[in-house]
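Beneath this line is the structure, given in structure tokens, with notes to follow.
Positions are given from 1 along the sequence. Quantities reported herein were computed from a predicted structural model and do not represent experimental measurements.
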Amino acid sequence: MPILISQVAFYVMLLVGGGLAYFSMAVLVSSWVEGEYTTPAVAFVVVLLTAIAFDAWLRPFNLGG
């Protein structure tokens, strides 16, 4: 089955958007928390908690596969 270019663009935008959300969360957390490895870990946890909170909204995108 061929893959539509619109599907490819949609998933690329999801990946870019997710990366930008994680990066912006890491920058925000880095202004609050000191530590080399603490900031990405806290940002990761915050992004996971946000994904859990918005699970019903994210479900139509079928991000799990």
For the CD1 atom on I3, are there more than 12 heavy atoms of other groups (residues, nucleotides or ligands in this structure) within a distance under 6.0 Å?
no
What's the spacing between F44 CZ and L49 CG if we round to 0.5 Å?
10.5 Å
Report the distance from atom CD1 of I5 to atom CZ of F10, rounding to the nearest 0.5 Å.
14.5 Å
May I ask whether L48 and V46 are part of the same hydrophobic cluster, defined by side-chain heavy atoms of I, L, V, M, F, W, Y residues being less than 4.5 angstrom apart, directly or through others?
yes
Under 6.0 Å from the CD atom of E34, do we count more than 12 heavy atoms belonging to anything else shown?
no
Report whether V27 and V33 are members of the same hydrophobic cluster (ILVMFWY, side-chain heavy atoms less than 4.5 Å apart, transitive linking).
no
For the backbone of G35 and the side chain of T38, can you confirm whether one donor and one acceptor N or O come within less than 3.5 Å of each other?
no
Single-linkage hydrophobic cluster, 4.5 Å side-chain cutoff, W32 and V42 together
yes
Would a 4.5 Å heavy-atom cut-off, applied to side chains only, mark V8 and L4 as touching?
no
